[in-house]
Visitor: 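Pasting a structure below so you can have a look.
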Amino acid sequence: MTTTTPAATLTGAPALAPLLARGALLSPLKRPRPDADFPRTRLVLPGLRIDLAKLAAYERVCGFATGADALPVTYPHVLGFPLAMRLMSGRDFPLPLLGLVHTSITVTRHAPMPATGTYELTVYVEGLAAHRRGTEASVVTQVRPGAAAGRGSASARGATGTAGVAGTAGVAGTAGVAGVAGADPVWESRSTYLARHRTTAAHAPEEPSAEPPAPLPALAEWPLGGDVGRRYAAASGDRNPIHLHPLTARLFGFPRAIAHGMWTVARCLAEHGTPDAAAVRARFRAPVLLPGTVTYGAGDGRFEMRSGDGRRLHVSGEVAPYPAA
């Protein structure tokens with residue numbers, strides 16, 4: 001018998017600040033383990049239009065060219081993040097939001113996405129897995145063409161968008177998961193988030209034996225101001241205090257504010273470029289302290305961001321056409 005995963009259809013994107021607060025309050029009550037139950041509901045947000053002012057701010061802080069009627073390859077993650085936070089801050093999500101580390105992301109863009117289009121978002125928790133340092137959750141985000149795509153949308157980037165990643169969100173109802181008229185995703189990602197805790201020998205995978213990758217050819221050096229985290233937070237809505245100010249970052253064990261992991265990937269991809277249909281994989285290795293200096297390296301479809309002296313690897317990844325040749 002075929003079963004349908006229940007879906008909750010939202011009427012707007014959830015506001016992130018209350019979700020961060022809820023997740024922080026519930027974190028001490030969580031007992032993470034890889035065999036724990038997790039929320040099975042898929043959150044669906046139809047009729048999404050892009051806030052073009054926020055998109056332009058995102059493009060500027062990440063280094064993408066502005067003005068084109070096309071979303072940067074990483075921008076749909078920003079759109080889906082409030083829905084992911086709604087799931088991960090809930091009582092039925094077994095990992096504590098405080099201390100949760102974004103460890104990797106894979107992105108598949110099937111076709112260019114007009115900035116003036118209309119879209120439907122779907123976000124769900126795919127599952128939990130044992131990690132040598134704790135438990136890792138996989139969260140999937142999918143973007144489909146909206147029912148009004150190509151109709152009634154602004155024709156130029158100078159127009160004002162009608163929706164973004166902030167606002168209030170109600171639930172219109174529940175239903176089985178279905179795309180707009182069965183449409184396939186034009187963009188999808190899978191992010192992994194790690195909750196560190198003690199593991200047993202039965203649960204913890206063995207330590208990978210691969211040596212750290214050799215540095216790629218250094219192509220650019222970027223000085224980063226102390227406001228990078230605040231600028232990215234304003235554009236993306238992700239105002240996690242570890243990114244905003246040294247004082248709030250110290251509360252969580254960091255000597256200074258750190259850059260958003262997704263900013264490091266976006267900045268590298270803005271420099272590297274991506275095909276219209278692309279597959280991207282990135283792994284977050286170490287935080288970038290702000291202010292500071294980083295080195296961008298690339299070669300043979302790979303990219304990375306290292307510390308200014310090249311000794312510390314912050315993020316590494318790969319870009320390839322999709323489907324692979």
Side-chain angles (χ1 to χ4, degrees), residues 58-68 70-78 101-113 187-192 194 207-229 231-232 235-236 243 254-325:
Y58 176 89
E59 290 168 334
R60 286 191 294 269
V61 71
C62 296
F64 291 103
T66 60
L71 297 181
V73 66
T74 48
Y75 194 68
H77 174 86
V78 171
V101 179
H102 195 182
T103 52
S104 73
I105 185 170
T106 62
V107 172
T108 303
R109 181 173 64 186
H110 299 266
M113 301 173 63
W187 187 99
E188 50 195 325
S189 74
R190 178 174 288 98
S191 284
T192 56
L194 173 66
E207 182 90 18
S209 58
E211 293 293 326
L216 296 172
L219 302 181
E221 186 175 87
W222 298 326
L224 308 180
D227 65 341
V228 167
R231 291 173 59 207
Y232 185 86
S236 69
H243 304 301
F254 296 99
R256 304 198 300 274
I258 64 172
H260 295 73
M262 284 304 299
W263 176 86
T264 66
V265 172
R267 184 66 188 91
C268 288
L269 291 174
E271 191 75 12
H272 186 281
T274 53
D276 287 343
V280 176
R281 294 191 301 173
R283 183 179 177 187
F284 304 104
R285 308 275 187 163
V288 175
L289 295 175
L290 301 172
T293 300
V294 295
T295 300
Y296 164 75
D300 297 325
R302 295 184 294 145
F303 63 86
E304 67 181 20
M305 181 182 289
R306 289 182 177 266
S307 57
D309 60 10
R311 295 180 180 177
R312 193 176 199 196
L313 180 60
H314 296 297
V315 64
S316 61
E318 302 172 0
V319 182
Y322 181 85

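The structure displayed is predicted, hence computed values, not measured ones. Sequence positions, counted from 1, serve as the residue numbers for this chain.
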Visitor: State which residues pass side chain to side chain contact (heavy atoms under 4.5 Å, CB included) with Arg60; sequence neighbours excluded, sorted by chain then number.
Guide: Ala56, Ala57, Thr66
Visitor: Considering residues at least two apart in sequence or located in another chain, which fulfil the side chain to side chain contact (heavy atoms under 4.5 Å, CB included) criterion with Asp276?
Guide: Pro112
Visitor: Restricting to side-chain hydrogen bond (donor to acceptor under 3.5 Å, both in side chains), what partner residues turn up for Thr74, sequence neighbours left out?
Guide: Tyr58
Visitor: For His260, give me all partners under ring-ring contact (aromatic ring centres under 6.0 Å, His included), at least two apart in sequence or on another chain.
Guide: Tyr232, His243
Visitor: Taking only residues two or more places apart in sequence or in another chain, which ones pass ring-ring contact (aromatic ring centres under 6.0 Å, His included) with His102?
Guide: His77, Tyr193, Phe284
Visitor: With sequence neighbours left out, what residues match Thr274 under side chain to side chain contact (heavy atoms under 4.5 Å, CB included)?
Guide: Val73, Arg109, Leu269, Ala278, Val280, Val319
Visitor: Partners of Glu318 by salt bridge (Lys or Arg N to Asp or Glu O under 4.0 Å), sequence neighbours excluded?
Guide: Arg281
Visitor: Starting at CZ of Arg190, measure out to OG1 of Thr106 and round the result to the nearest 0.5 Å.
Guide: 5.5 Å
Visitor: Can you list the residues that meet the ring-ring contact (aromatic ring centres under 6.0 Å, His included) rule with His110, with sequence neighbours excluded?
Guide: Tyr322
Visitor: Identify the heavy atoms of Leu290 and Gly225 that sit nearest to each other, and give their distance.
Guide: CD2-O, 3.9 Å
Visitor: To the nearest 0.5 Å, what is the distance between CD1 on Ile258 and CH2 on Trp263?
Guide: 12.5 Å
Visitor: With sequence neighbours left out, write down each residue that passes side chain to side chain contact (heavy atoms under 4.5 Å, CB included) with Leu216, or none if nothing qualifies.
Guide: Arg302, Glu304
Visitor: Decide yes or no for Met262 and Ser236: does some side-chain heavy atom of the first lie under 4.5 Å from some side-chain heavy atom of the second?
Guide: no
Visitor: Where do Ala282 and Val315 come nearest, in terms of heavy atoms and distance?
Guide: CB-CG2, 4.5 Å
Visitor: If I take atom SG from residue Cys62 and atom OH from residue Tyr75, how far apart are they, to the nearest 0.5 angstrom?
Guide: 10.0 Å
Visitor: So how far is it from His272 NE2 to Leu219 CG, rounded to the nearest 0.5 Å?
Guide: 9.0 Å
Visitor: Taking only residues at least two apart or on different chains, which pairs with a member in residues 257-267 satisfy salt bridge (Lys or Arg N to Asp or Glu O under 4.0 Å)?
Guide: Arg267-Glu271
Visitor: Is the backbone N or O of Gly310 less than 3.5 Å from a side-chain atom of Thr295, with the two atoms forming a donor-acceptor pair by type?
Guide: no
Visitor: Only pairs at least two apart or in different chains count here, so list each salt bridge (Lys or Arg N to Asp or Glu O under 4.0 Å) that has a residue in residues 308-317.
Guide: none
Visitor: Please list, chain by chain and in numerical order, all residues satisfying ring-ring contact (aromatic ring centres under 6.0 Å, His included) with Tyr296, sequence neighbours excluded.
Guide: Trp222
